[in-house]
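Keep in mind it's a predicted model, so treat the numbers as computed, not measured.
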Amino acid sequence: MRQKPPFHKLFACKKGVTVTELLLTFCLLTISLAPLYYLYTLTKKPPERSNAELLAVLLAQHVVEAIVASKISNPESLPPMTSEEPLVTHDGDVRSVSIYFRNLFGKFQGVSIEDDPVLYWAFKPYQCKLDTYYLEDQLYKVIAYISYQEENRQKRVYLERLLDQRIPYSSTPGETSP
Amino acid sequence: MNIVEGFKLKNPSRVGLVGLDSVISIFLVVTFIAFFFFISVFNEGESLPKNNGIGKIYSDLLEQLNSDLKFASKAEFPDSAGSSITVSSNNGEKVFYFLKDGNLTRENSQGKSKIMINDVKRCCFYQNPSIPSLISVVIVPSNSEIMPFFTSFAMRNWKS
């Protein structure tokens with residue numbers, strides 16, 4: 001009967017481990033850590049919002065609520081699509097102030113530095129853009145984007161809302177009002 | 001001795017400046033460094049400037065104003081400066097927001113009051129004349145390093 005070798009001889013290595021083998025082991029270990037690290041990042045709570053992002057969210061809410069309020073006052077109104085516009089007037093900027101920030105506090109041209117310097121400087125880094133889409137089932141989608149710069153990076157937050165796209169009733173069947 | 005002989009290696013079976021083992025070693029070291037570099041860059045992207053703890057206060061205030069103003073049917077401004085507002089809903093519930101001693105306080109129909117935010121320099125509730133169902137809120141903290149609070153709410157049950 002064949003005898004088993006003693007346990008301490010099972011792993012006896014005649015040849016030493018080379019540097020390449022050692023590095024290969026390290027590399028495989030490192031790569032196997034990547035999915036574990038990814039899982040760790042998923043379980044972490046989301047990072048706290050910065051001041052700039054927090055104000056951008058509040059401004060986006062203002063735009064969406066202004067659209068909803070216009071819809072309450074006039075159910076047939078639909079907001080137009082706009083390009084990126086500033087929230088306050090800038091020196092040397094020919095673009096007009098966003099329509100959602102024009103009639104604030106009774107100032108047609110938006111908040112000026114003379115009226116409210118705190119709000120003026122708070123609003124200055126931001127720009128507002130509105131995208132609109134016609135959808136099926138008489139729905140209209142609006143997306144309010146507020147963009148700003150933070151740590152030399154262009155960032156933006158957005159809020160979207162579905163609105164009723166009410167078609168005005170015509171007096172005669174088959175006839176649509178202009 | 002010609003030029004070719006001058007570059008002849010001792011072991012004629014091996015060609016090149018470094019061996020295969022060295023190339024693999026270098027590759028593995030580079031992979032190792034690249035992985036940790038990626039992790040450091042990934043972590044750096046997450047470390048955004050924090051909001052001095054005001055984020056939680058503003059989020060709570062936003063949530064409270066949302067629930068009070070969105071379903072309101074009427075808003076009254078007892079103070080001409082707009083530093084207070086009384087919001088009424090269809091079920092007769094009334095909520096009063098006012099600024100006193102730098103504290104923005106919310107008081108409900110039962111007289112129960114709660115300080116929503118303190119150290120306020122200025123507070124203004126504003127009803128837009130062109131869109132009367134829209135109420136804008138501005139809160140400027142005493143600490144100038146903290147950003148102001150500005151947003152608006154549409155009263156869903158508003159009747160002209």
Path from [X] to [Y] over hydrophobic side-chain contacts below 4.5 Å:
X	Y	value
Y158(A)	L130(A)	no
L104(A)	W121(A)	yes
W158(B)	L65(B)	yes

Could you give the distance from [atom1] ([X]) to [atom2] ([Y]), rounded to the nearest 0.5 Å?
X	Y	atom1	atom2	answer
I57(B)	L54(A)	CD1	CG	11.0 Å
E65(A)	I131(B)	CD	CD1	11.5 Å
Y100(A)	L134(B)	OH	CG	11.5 Å
S152(B)	F101(A)	OG	CZ	8.0 Å
R122(B)	L119(A)	CZ	CG	6.0 Å

Quick check on the interface: out of S130(B), A154(B), P148(B), who has the most heavy-atom pairs with chain A under 4.5 Å?
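The option with the most such pairs is A154(B).
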Picking from I135(B), V29(B), N66(B), V137(B), which has the most non-hydrogen pairs under 4.5 angstrom with chain A?
N66(B)
Please classify the contact between [X] and chain A as side chain, backbone, both or neither, with a heavy-atom cut-off of under 4.5 Å.
X	result
P129(B)	neither
L62(B)	side chain
V138(B)	side chain
Y58(B)	side chain

Is it the case that atom [atom1] in [X] sees more than 12 heavy atoms from other parts of the structure closer than 6.0 Å?
X	atom1	value
K70(B)	NZ	yes
E63(B)	CD	no
Y148(A)	OH	yes

What part of [X] lies closer than 4.5 angstrom to a heavy atom of chain B: side chain, backbone, both or neither?
X	answer
N74(A)	neither
I67(A)	neither
I72(A)	side chain

Does the side chain of R156(B) come within less than 4.5 Å of V68(A)'s, by heavy atoms?
yes
Nearest atoms (heavy-atom pairs only) where L58(A) meets T151(B)
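Nearest heavy atoms, L58(A) then T151(B): O-OG1, 2.8 Å.
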Should the ring pair F150(B) and F123(A) be called parallel, tilted or perpendicular, given that the plane angle runs from 0 to 90° and is split at 30 and 60?
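Perpendicular: the ring planes of F150(B) and F123(A) meet at over 60°.
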